[in-house]
There are 2 protein chains.
Amino acid sequence: MVVNIKDVARQAGVSIGTVSRVLAKNETVGPALREKVEATIRELDFKPNHVARGLRRRRTDMIGLVIPDITNPFFAELAKHVEAIAFRSGLSVLLSITNDDPEIEVAQIESLLKSRPTGLIVVPIQSGQSQGWKGDTSTVVVDRRLVGHGLLSVDHHGGAALAADHLIGLGHRRIAYIAGPADAPVSRARRAGFVDHLKAAGIEPEIVEGHFDYVSGEALGRRLLDRAPERRATAIATANDQQAIGLLRAADDLGIKVPDQLSVIGFDDIPLASLITPRLTTIGQPVEEIAKRAVAAALDGSGAAAGKDDLLSGVLVVRNSTAAVGVEISA
Amino acid sequence: MVVNIKDVARQAGVSIGTVSRVLAKNETVGPALREKVEATIRELDFKPNHVARGLRRRRTDMIGLVIPDITNPFFAELAKHVEAIAFRSGLSVLLSITNDDPEIEVAQIESLLKSRPTGLIVVPIQSGQSQGWKGDTSTVVVDRRLVGHGLLSVDHHGGAALAADHLIGLGHRRIAYIAGPADAPVSRARRAGFVDHLKAAGIEPEIVEGHFDYVSGEALGRRLLDRAPERRATAIATANDQQAIGLLRAADDLGIKVPDQLSVIGFDDIPLASLITPRLTTIGQPVEEIAKRAVAAALDGSGAAAGKDDLLSGVLVVRNSTAAVGVEISA
DNA sequence: ATGAAAGCGCTAACAT
DNA sequence: ATGTTAGCGCTTTCAT
């Protein structure tokens with residue numbers, strides 16, 4: 001039998017109201033009673049029922065986290081920080097994975113809402129019309145734009161421009177770009193940031209499009225690279241690090257040396273980026289800061305949850321997968 | 001204002017009991033009323049409050065998932081499948097990350113229990129004494145042993161023996177092993193499976209110990225490899241794929257060719273294993289099957305949740321990071 | 001087959 | 001400062 005607040009009250013010889021106040025910590029309970037109650041709680045090993053509390057307070061101490069793919073290291077990192085911060089704030093995390101399926105996304109969010117979470121952190125798949133979810137669950141949209149909502153995210157456009165700058169600065173002129181799925185706003189933002197910057201410098205990149213994963217990067221990379229050296233790009237940027245890693249694999253399979261014959265730059269700076277061979281040049285995201293702001297906004301409805309955009313700068317991390325174009329000639 | 005079951009009842013001209021029965025789907029409600037109620041539900045966009053339902057039923061439609069590290073691809077994969085299966089069963093997933101900290105683990109589980117989940121899936125850090133959690137939350141322990149519980153897991157011991165067999169069969173005799181943290185049961189099981197098998201073949205491996213991550217694999221790899229060729233192992237097995245990938249990196253830094261001069265075999269078969277260079281030979285885990293059984297056991301208290309062990313076989317996946325020892329000589 | 005009513009375990013308003 | 005009490009929104013007997 002699970003003990004409840006009534007058992008504690010009876011055992012301690014106080015009213016359940018007093019026990020509740022001790023639980024809430026902030027109320028005015030005399031020191032004597034407080035200690036008595038606390039002792040009884042320990043003695044009976046009483047665990048407050050959050051479900052009952054949630055019903056009464058009309059919201060639970062949970063935040064819903066909706067992400068497309070937990071096996072994507074960037075989202076895993078985000079989830080990790082969100083969970084840690086939430087836990088420290090006494091919140092639980094309800095995890096939903098949409099698997100990049102818009103219908104599942106809608107169903108998942110509807111399902112989450114039934115548990116009356118305090119807040120929702122969602123990385124949406126599509127920028128489609130905002131679901132009209134309940135006013136008392138503040139929603140903060142992260143990483144990808146959802147119309148009608150503020151966006152908390154790294155500055156995809158600016159970050160991609162950083163990548164373009166880096167490549168141009170290295171002397172590359174034949175440049176290709178592996179984009180993410182066209183229906184994802186994040187793909188469009190990164191692509192636009194990269195391509196616009198290149199065009200401004202008079203360079204017209206070859207663009208291919210795929211998913212945000214290793215496999216896609218490898219396949220697309222092969223398509224871009226499997227041709228005569230003078231007809232292929234000397235530098236390729238990708239929409240995320242996983243594509244870049246797949247691309248590295250394709251290059252290796254084709255005997256193309258990185259960075260001597262090909263420069264590669266990714267986006268995200270996942271942990272693996274610094275560990276593969278060659279270490280990947282990429283655009284780093286301030287994930288922990290994003291997580292921190294996301295939880296805060298989900299809790300109090302401020303920031304991005306209040307409709308304001310909150311864009312953080314990405315940072316160029318130069319490693320060994322990019323080099324000046326001249327190296328090719330000297331090789 | 002959020003609509004509740006009372007609003008629906010009033011609007012449909014029935015009792016709340018009838019609405020509840022329609023919601024439960026399985027009750028005996030006349031077709032006429034049923035349709036009327038369903039229409040009203042749609043009309044008012046009624047979303048049943050799971051918190052109230054949970055209070056009344058004394059448990060919620062949630063399962064708690066407790067894992068050490070979501071950025072570990074194996075756990076990410078596990079979480080992904082658990083979430084997908086749970087969602088299909090109408091359950092939500094409460095995610096807890098223990099970050100390999102025993103104190104956090106205990107606190108997380110206590111916290112989860114306050115939400116009265118139907119079941120708990122936990123990948124424990126330490127084999128320490130079983131927490132006496134509530135009888136009405138069935139707990140299934142996955143991947144790592146917790147005394148007093150059944151274990152649902154790949155057969156770590158047998159899988160590691162497979163790896164040892166593979167290396168021996170390739171003719172290797174100077175073999176090293178990078179183990180996981182000694183306090184993790186999974187480390188001990190894999191290590192024992194590998195080492196015992198080797199000893200039975202008269203081979204005494206050199207063993208080093210570290211964490212289950214890239215960084216540790218790289219550092220330990222360097223320690224093992226940074227010596228004269230005739231004094232170092234011709235094959236190294238690791239306790240997981242991430243260590244193996246770190247090891248590959250160390251080998252590459254030292255100019256040691258894999259698999260020509262060194263064979264490397266991992267454990268887990270994470271997605272990345274088939275994408276790095278060289279593609280990693282490893283022991284594959286039936287993650288999805290584990291997830292399926294974990295959710296089933298968490299729901300009905302059967303299988304591993306009933307105290308029975310449920311060990312699934314791992315499978316040797318041969319790729320390009322292992323080769324016969326003779327190759328070295330011919331090189 | 002349907003309605004009425006009693007809680008589930010808590011919080012918060014209202015008394016004292 | 002502490003006790004009493006009315007619900008939160010459902011599910012589930014128990015009547016009818």
Side-chain angles (χ1 to χ4, degrees), chain A residues 1-38 40-41 44-62 90 111 113-118 134 136-137, chain B residues 1-38 40-41 44-62 90 111 113-118 134 136-137:
Chain A
M1 187 41 208
V2 176
V3 352
N4 61 26
I5 200 173
K6 236 162 120 181
D7 300 324
V8 175
R10 190 181 332 105
Q11 176 80 8
V14 299
S15 74
I16 62 170
T18 299
V19 179
S20 178
R21 285 176 195 114
V22 171
L23 253 30
K25 268 181 174 55
N26 57 344
E27 297 291 332
T28 54
V29 180
L33 279 196
R34 146 159 282 124
E35 271 172 43
K36 177 109 192 82
V37 170
E38 280 168 349
T40 310
I41 288 176
L44 299 184
D45 193 30
F46 166 61
K47 300 272 186 296
N49 184 326
H50 272 38
V51 182
R53 166 212 288 250
L55 175 58
R56 175 61 225 231
R57 305 214 315 195
R58 316 180 71 134
R59 67 189 161 81
T60 58
D61 284 336
M62 304 196 283
S111 170
L113 256 13
K114 291 179 181 166
S115 293
R116 303 293 189 268
T118 296
K134 307 299 180 309
D136 46 348
T137 299
Chain B
M1 188 39 208
V2 176
V3 352
N4 60 26
I5 200 173
K6 233 162 124 182
D7 300 325
V8 175
R10 190 183 330 107
Q11 176 83 6
V14 299
S15 74
I16 61 172
T18 299
V19 178
S20 177
R21 287 177 193 111
V22 171
L23 253 31
K25 267 185 176 55
N26 55 346
E27 298 289 333
T28 54
V29 181
L33 278 197
R34 146 158 281 124
E35 273 172 41
K36 176 111 191 83
V37 170
E38 279 168 349
T40 310
I41 287 176
L44 299 184
D45 191 31
F46 166 61
K47 300 274 186 296
N49 183 326
H50 271 39
V51 181
R53 168 212 285 248
L55 176 58
R56 176 60 226 230
R57 306 213 317 194
R58 315 181 73 136
R59 67 189 160 84
T60 57
D61 285 337
M62 305 196 281
S111 170
L113 256 13
K114 291 180 181 166
S115 293
R116 302 293 188 268
T118 296
K134 308 295 180 311
D136 47 347
T137 298

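On a predicted model such as this, the values are computed, not experimentally measured, just so you know.
Each of B:Arg56 and A:Gly17 has a nearest nucleotide on DNA chain D; the 5'-most of these lies closest to A:Gly17. Heavy-atom distances to DNA chain D give each of B:Thr18 and B:Val51 a nearest nucleotide, and the one nearer the 5′ end belongs to B:Val51. When each of B:Gly13 and A:His50 is assigned the nucleotide of DNA chain C bearing its nearest heavy atom, the one mapping closer to the 5' terminus is B:Gly13.
Here B:Asn49 does not reach the OP1 or OP2 of D:dG9: none of its side-chain N or O atoms lies under 4.0 Å away. Side-chain N/O atoms of B:Ser15 include none lying less than 4.0 angstrom from OP1 or OP2 on C:dA4. At least one side-chain nitrogen or oxygen of A:Arg53 sits closer than 4.0 Å to the OP1 or OP2 atom of C:dT11. Residue A:Arg58 places at least one side-chain N or O closer than 4.0 Å to OP1 or OP2 of D:dG9.
Here A:Val14 lies in heavy-atom contact (under 4.0 Å) with sugar-phosphate atoms only. Within 4.0 Å of A:Leu33, counting heavy atoms only, lie sugar-phosphate atoms of the nucleic acid but no base atom.
What separates CD1 of B:Ile41 from C1' of D:dC10 is a distance of 13 Å, to the nearest Å. Atom pair B:Ile16:CD1 and C:dG3:C1' shows a separation of 10 Å (rounding to whole Å applied). Between the CD1 atom of A:Ile5 and the C1' atom of D:dT5 there is a distance of 14 Å, rounded to whole Å. As rounded to whole Å, 19 Å separates atom P of D:dG9 from atom CG of B:Asp61. To the nearest angstrom, C1' of D:dT13 lies 16 Å from CZ of B:Arg57. Put simply, CZ on A:Arg10 is 16 Å from C1' on D:dG3, counting in whole angstrom units. Taking atom CZ of residue B:Phe46 and atom C1' of nucleotide D:dC10, one finds them 8 Å apart after rounding to whole Å. Atoms CZ (B:Arg21) and P (C:dG3) sit 8 Å apart, rounded to a whole Å.
Without hydrogens or angle criteria, B:Arg116 side chain to B:Leu113 main chain gives a donor-acceptor distance under 3.5 Å. Under a 3.5 Å cut-off, the side chain of A:Thr118 and the backbone N or O of A:Thr60 do form a donor-acceptor pair.
At a threshold of 4.5 Å between non-hydrogen side-chain atoms, the residues B:Val3 and B:Val8 count as touching. Annotation: side chain of A:Asn4 is not in contact with side chain of A:Ile16 (no heavy-atom distance under 4.5 Å). Here the side chains of B:Val37 and B:Arg34 are not in contact, with every heavy-atom distance at 4.5 Å or above.
You'll find that the side chain of B:Ser20 is closest to D:dT11, out of D:dT11, C:dG9, C:dT11.
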